[in-house]
Amino acid sequence: MVFLQISPMKGINRFGKRGKLSLRFIGPFEILKRIREVAYILAIPLVLTAIHDVFRVSMLQKYVLVPSHVLSYEALELQPDLSYQEQPVQVLNKREKVLRNKIIALIKILWRNSEVEEATWELETDMQ
């Protein structure tokens, strides 16, 4: 059993940018067959049929069975490149960061993706 790595991307303005600690894993999935030393075929559910079932070892993480784990991935709308869009929910706070020569307007955005909620500070100009 292994977890599969996916890549979150926040909104249209942040497409292609990845923040710190942004790696996410879904699963666990059963390994059906080893193709080569670095490639495996996984038993993925019908929800993810748009994704090819052969994965490289670098995209997998070993799963240690723990009975209390309850993992869901059905709510994620994964794209064929194993990425998904996080949508902004609301603006929580606004502040101005004062540098030597300029003032930068920041807003705190609440992001939602399935059951996980995360808030980050973003540039106001990027979020417009």
Side-chain angles (χ1 to χ4, degrees):
M1 301 293 279
V2 292
F3 286 113
L4 180 61
Q5 175 184 340
I6 58 174
S7 302
M9 295 179 202
K10 292 182 182 174
I12 298 170
N13 293 331
R14 295 187 52 139
F15 182 78
K17 294 183 181 179
R18 294 190 178 121
K20 292 182 181 179
L21 305 175
S22 65
L23 296 179
R24 305 273 193 251
F25 292 89
I26 60 172
F29 301 110
E30 182 181 358
I31 297 176
L32 295 179
K33 184 178 177 184
R34 180 180 178 178
I35 295 181
R36 294 197 177 124
E37 293 180 9
V38 293
Y40 291 92
I41 295 179
L42 300 182
I44 56 175
L46 295 175
V47 177
L48 304 175
T49 54
I51 300 170
H52 198 271
D53 61 349
V54 177
F55 298 97
R56 189 172 169 82
V57 174
S58 62
M59 297 183 71
L60 305 175
Q61 182 174 353
K62 184 179 177 181
Y63 172 68
V64 178
L65 180 64
V66 177
S68 64
H69 278 178
V70 178
L71 304 169
S72 64
Y73 49 85
E74 289 80 19
L76 288 178
E77 295 179 14
L78 292 179
Q79 297 164 359
D81 63 350
L82 293 181
S83 64
Y84 63 93
Q85 295 282 334
E86 287 187 334
Q87 300 296 326
V89 177
Q90 68 182 14
V91 176
L92 297 177
N93 200 352
K94 184 176 180 179
R95 73 174 183 189
E96 293 180 344
K97 187 174 185 178
V98 179
L99 301 177
R100 289 183 182 185
N101 298 328
K102 60 183 175 180
I103 297 174
I104 299 174
L106 297 172
I107 53 175
K108 191 170 188 177
I109 301 288
L110 178 67
W111 301 95
R112 178 172 297 153
N113 184 30
S114 69
E115 294 110 25
V116 179
E117 292 185 356
E118 176 186 1
T120 59
W121 287 98
E122 304 291 337
L123 292 175
E124 187 175 24
T125 56
D126 290 347
M127 297 310 296
Q128 290 177 352

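What's counted below: heavy atoms across the whole structure, side chains too, no hydrogens, waters or symmetry copies.
For Glu124, the side chain to side chain donor-acceptor pair (under 3.5 Å) criterion is met by Lys94, not counting sequence neighbours.
Taking 4.5 Å as the limit, some side-chain heavy atom of Ile31 sits within range of a side-chain heavy atom of Leu42. The shortest side-chain heavy-atom distance between Gln5 and Phe55 does not fall under the 4.5 Å cut-off. Using a 4.5 Å heavy-atom threshold, the side chains of Leu60 and Leu4 count as touching. Counting heavy atoms from C-beta on, the side chains of Ile109 and Val91 come closer than 4.5 Å.
Hydrophobic clustering, with ILVMFWY side chains joined whenever heavy atoms are under 4.5 angstrom apart, groups Val54 together with Leu32. Cluster membership check: Met59 shares its hydrophobic cluster with Tyr40, using side-chain heavy-atom separations under 4.5 Å among Ile, Leu, Val, Met, Phe, Trp and Tyr. Met1 is not connected to Ile35 by any chain of hydrophobic side-chain contacts under 4.5 Å among Ile, Leu, Val, Met, Phe, Trp and Tyr, and they are in different clusters. Cluster membership for Val98 and Leu106, using ILVMFWY side-chain heavy atoms within less than 4.5 angstrom, is not shared.
If you take NZ on Lys97 and CD1 on Ile103, they are separated by 13.0 Å, rounding to the nearest 0.5 Å.
Nearest heavy-atom pair, Arg95 versus Trp121, reported as atom, atom and distance to 0.1 Å: CG-CZ3, 3.6 Å. Taking both residues in full, the closest heavy atoms of Phe29 and Pro45 are given as CE2-CD, 3.4 Å, listed atom of the first, atom of the second, then distance.
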